[in-house]
Each structure stands twice: as C-alpha cells, then as structure tokens.
S.K.: 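What follows is a structure written as structure tokens; I'll ask about it next.
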Amino acid sequence: MKKRMIKTISIIFAALISLAAGGTDRVSIKEWDAPTPDSFPHDPAVGTDGSLWYTGMAANVLGRLDRATNTIREYHLKVPGSGPHGLVADKKGDIWFTANAKGYIGRLNPQTGEVKEYFMPDPAARDPHSLAFDQAGLLWFTVQASNFVGRLDPRTGTITLKPSPTRDSKPYGIAVNSKGVPFFCELGTNKIGGIDPVTMKITEYPLPKGARPRRLAIAGDDVIYYTDYRRGYLGRLDPKTGKVDEWPSPGGGGSGPYGITITPDGSVWYSETEVHPNTIVRFDPRTKGFDKGNVPSGGGVIRNMAATPDGEVYIACSGVNKIGIVTVQR
C-alpha cells in the first residue's frame, strides 16, 4: 500500500471561493446556477472555443456557458424525455451527447440549434451513457445497464455494438489513449476494459478484489487513473504491464470518488461525492500527495469533470443545479 500525503485546503467564502493549495498555488471554484430549476446538470464538456457545455438531464436540454459574458444558453432537444447524459465536442464544434433515456446519440449544431439523432441499432442497447472521440474522429461510447460498448462513425452514421465480455459489468466512464485505443470502466465488476479500435475485441484488466471503477482519465504516458467508487480509492492501471497501484482517498472508504480528469500539467483531479459537502481533490503523481477542499455549493454529486487546455477543470453539480470552474492561479 502506498503511503498517502493529504493537505487540507482552507476555504475563504466569498463571491469567488479561494482555496490555498500546495503552498504556492491558489485554487478557486466559481459556480453558476443553471437557468432551469432542477435541471440536474450531469456532465460537463469543453467546447472548441473554451465554453463550458453541460447536459441538463432532467430538463431535456444542453447548456452552454459563455465565458466572456457569464451567460448560459439552453438548447432544447426534440425528443421528449431524452435524458441527456454524457457529452463531448467534435473538432468542428458540434456537441455530441448520449440520450440515456431514449436510446440514441445526438449531435447538436450550436450555430443553428439543429439536433440529429442516431438511434441504437439494437433495442437492447437502451441506455447510451458516456462517450469519447478518437484521433480519427470515431465516437466511442458505453451503454451501461444494457452491457454494451459501441462505435459511431459520424461520416456514415453507422453504429457498431459489442457486448462487454463480463455479464452485467455495467460499462461506465470511457476515454481514448494517445494511440486511439478506448478504455472503459466496468462499474459492475472489478475490471477495466480496453477495445481494439479495428476489431473491437475487448481485453479486460483485473483490479483489486472489491474494486468498482466508475470514471477514468488517461495521462500523457497512457497510464490510466480511475476512481474506485465503492472502496474509496484512487487507482492507477498501466495497461502495458497490468500493474495496479492505488491510494486511499482523503475522505476515506465511504467517500465515493466519482468524476475525474487530468490537467495538462499531469495533475489528477477528482471529486468525493459521498461526503457532504462534496470535495475537489488534486493528486500529484510525482509526490503521491493529495490536496482537497470543499465545493462551495455542496456539489450535490459531481459525476464527471473535463479539463481545459489551459489547466482549468469544468464541473457539473447535479443535486444543487449548478455548473462550475476550478482554476489554479500560480
């Protein structure tokens, strides 16, 4: 077991919350209310122009925060009750999202507001969940309760589905490494899956007994960091060797680590969502040290995170109807 280092971040409550972190850094968390009450912001994403996008799962909308004006615009979906869940921007700036409640993946053109739906070819794949683009522009996604992973080719609209090898493995978070290989969490078991991008053959990597990986992020060296939601750990998997390292999360075994991302400086950021208020945690892979601080609004479960090219972290706070930005000032 690796020894952990934890620094508690002190909070100064103001219009902009300031956290003293790591001695020389200052970390701020700024939050905005979503326009529609109880819209349940689920996932955030980074737009090609740096804007913060999010899914309003309960309001059937996608939302966009304009950083220049601090205003939020909502885009309403055509299919009622779609349950927008995960989202990601493509290189052109279109926003792709999973309709978790209606069995399709959608594409929003922000310029026109037009939405195109790509329905699952198999009705058994009823709940598309999370998604990520590879370097070739193919869209990879998970289908949680239905136990599939899938690939969508935006050029043709063709969707290919592949069952997860382990029954009821609940494919969850997904990311693509530098070589174009998608990896996904199997929340229903103690495994992470890797998908051959050509054949779609799935290789499963075992994690420690009892682990339940929920979200993952991939570092610049293609090592995978994941949140072990059940056991309260941050884990690291090297797919080249299968070696797993893990560290207890600062909040302990019941802290519920969930959303995770990695900023360009290599820092691993995640949230503990079974502590109240939710925390933002930063892990330094070089020192194996942790910083943490409370989310000003309480967080209401931060289910996912997205890192910007300049090192900010976008968050969505489901239960308190807010979105937020974590900024490091050095």
Side-chain angles (χ1 to χ4, degrees), residues 42-43 45 55 62 77-79 82-109 114-189 191-205 213-218 222 224 226 237 239 304 306:
H42 200 285
D43 278 20
T55 47
L62 304 185
L77 305 181
K78 292 184 296 183
V79 179
S82 291
H85 189 283
L87 78 169
V88 66
D90 66 18
K91 293 179 180 179
K92 297 187 298 181
D94 287 352
I95 305 298
W96 295 73
F97 63 93
T98 53
N100 189 248
K102 292 296 182 180
Y104 73 88
I105 289 175
R107 182 185 68 192
L108 167 71
N109 181 331
E114 179 185 0
V115 176
K116 181 175 177 57
E117 297 88 11
Y118 301 82
F119 284 89
M120 294 295 103
D122 184 342
R126 61 187 181 278
D127 60 326
H129 191 275
S130 298
L131 67 179
F133 277 106
D134 68 15
Q135 293 83 343
L138 296 174
L139 186 64
W140 296 86
F141 60 92
T142 56
V143 192
Q144 183 198 357
S146 307
N147 211 47
F148 289 97
V149 295
R151 180 181 64 197
L152 189 158
D153 186 340
R155 295 165 297 185
T156 64
T158 301
I159 293 175
T160 306
L161 294 169
K162 179 81 171 181
S164 179
T166 298
R167 183 178 179 181
D168 199 28
S169 65
K170 295 182 171 61
Y172 210 90
I174 189 168
V176 178
N177 75 5
S178 67
K179 298 177 178 60
V181 179
F183 290 87
F184 64 96
C185 291
E186 299 185 41
L187 180 60
T189 186
K191 299 174 185 177
I192 285 177
I195 311 170
D196 185 302
V198 177
T199 66
M200 293 190 69
K201 179 182 178 181
I202 296 173
T203 300
E204 294 183 308
Y205 299 83
R214 195 152 195 174
R215 296 282 188 186
L216 57 79
I218 302 178
D222 284 340
I224 298 168
Y226 63 90
L237 166 69
N304 211 348

S.K.: Has the side chain of Gln135 got a donor or acceptor atom that lies under 3.5 Å from a matching backbone atom of Asn177?
M.R.: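 Checked: pair present.
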
S.K.: Are the side chain of Asn100 and the backbone N or O of Pro84 linked by a donor-acceptor pair below 3.5 Å?
M.R.: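 No, Asn100 side chain to Pro84 backbone: no donor-acceptor pair under 3.5 Å.
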
S.K.: Pair Trp96, Leu152 - check side-chain contact (heavy atoms from CB on, under 4.5 Å), show working.
M.R.: CA-CA 11 Å; Trp96 295 73; Leu152 189 158; 3.9 Å; yes

S.K.: Minimum heavy-atom separation for Gly180 and Asp134, please, with both atom names.
M.R.: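 Shortest heavy-atom separation between Gly180 and Asp134 comes out as O-CB, 4.4 Å.
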
S.K.: For the residue pair His129 and His85, does the interplanar ring angle fall in the parallel (under 30°), tilted (30 to 60°) or perpendicular (over 60°) class?
M.R.: tilted

S.K.: Only one of Val88, Leu131, Val149, Ile174 clears side-chain contact (heavy atoms from CB on, under 4.5 Å) with Phe141; which?
M.R.: Leu131

S.K.: Could you grab the distance from atom CG of Leu87 to atom CG of Asp43, nearest 0.5 Å is fine?
M.R.: 6.5 Å

S.K.: What closest approach, in Å, do Leu161 and Phe148 show between heavy atoms, and which atom pair accounts for it?
M.R.: CB-CD2, 4.0 Å

S.K.: I need the minimum non-hydrogen distance between Pro239 and Tyr205, along with the two atoms involved.
M.R.: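 That would be O-CE2, 3.5 Å.
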
S.K.: Could you measure the distance from the CG atom of Leu77 to the NZ atom of Lys102? Nearest 0.5 Å is fine.
M.R.: 12.0 Å

S.K.: Do you know which two heavy atoms are closest between Asp127 and Ser146, and how far apart they sit?
M.R.: OD1-OG, 2.7 Å

S.K.: How long is the straight-line distance from CG of Leu139 back to OH of Tyr118, given to the nearest 0.5 Å?
M.R.: 10.0 Å

S.K.: Just checking, is any N or O donor in the side chain of Lys191 or Ser169 under 3.5 Å from an acceptor N or O on the other one?
M.R.: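 On atom types as modelled, these side chains do not qualify, holding no pair under 3.5 Å.
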
S.K.: Given side-chain contact (heavy atoms from CB on, under 4.5 Å), test Asn304 with His42 step by step and report yes or no.
M.R.: CA-CA 7 Å; Asn304 211 348; His42 200 285; 5.9 Å; no

S.K.: Quick one: does Pro171's side chain get under 4.5 Å of Asn147's, heavy atoms only?
M.R.: yes

S.K.: Any side-chain to backbone donor/acceptor pair from Arg151 onto Pro197? Under 3.5 Å, distance only.
M.R.: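 Yes, because the side chain of Arg151 sits within donor-acceptor range (under 3.5 Å) of the backbone of Pro197.
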
S.K.: Specify whether Tyr104 and Phe97 have parallel, tilted or perpendicular ring planes, treating 30° as the upper limit for parallel and 60° as the lower limit for perpendicular.
M.R.: perpendicular

S.K.: Does the pair Asp94 and Lys116 meet the rule for a salt bridge (Lys or Arg N to Asp or Glu O under 4.0 Å), with working shown?
M.R.: CA-CA 11 Å; Asp94 287 352; Lys116 181 175 177 57; over 6 Å; no

S.K.: Do Asp222 and Ser178 pair up side chain to side chain, a donor and an acceptor below 3.5 Å, judged on atom types alone?
M.R.: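 Yes, side-chain donor-acceptor contact under 3.5 Å.
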
S.K.: Would you compute the distance between atom OG1 of Thr142 and atom CD1 of Ile195 and round it to the nearest 0.5 angstrom?
M.R.: 9.0 Å

S.K.: Please report the interatomic distance CD(Glu186) to OG(Ser164), rounded to the nearest 0.5 Å.
M.R.: 4.0 Å

S.K.: Provide the closest heavy-atom pair for Tyr172 versus Arg214 in the form atom of the first, atom of the second, distance.
M.R.: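 Looking at all heavy atoms of both residues, the shortest contact is CD2-O, 2.9 Å.
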
S.K.: Indicate the atoms forming the closest heavy-atom contact of Leu138 with Pro154, along with that distance.
M.R.: CA-CD, 4.3 Å

S.K.: Between Met120 and Ile105, is there a side-chain heavy-atom distance shorter than 4.5 Å?
M.R.: yes

S.K.: Applying salt bridge (Lys or Arg N to Asp or Glu O under 4.0 Å), run through Asp153 and Arg155 and close with a yes or a no.
M.R.: CA-CA 5 Å; Asp153 186 340; Arg155 295 165 297 185; 3.0 Å; yes

S.K.: Measure the CG-NZ distance between Asn109 and Lys92 for me, rounded to the nearest 0.5 Å.
M.R.: 8.0 Å

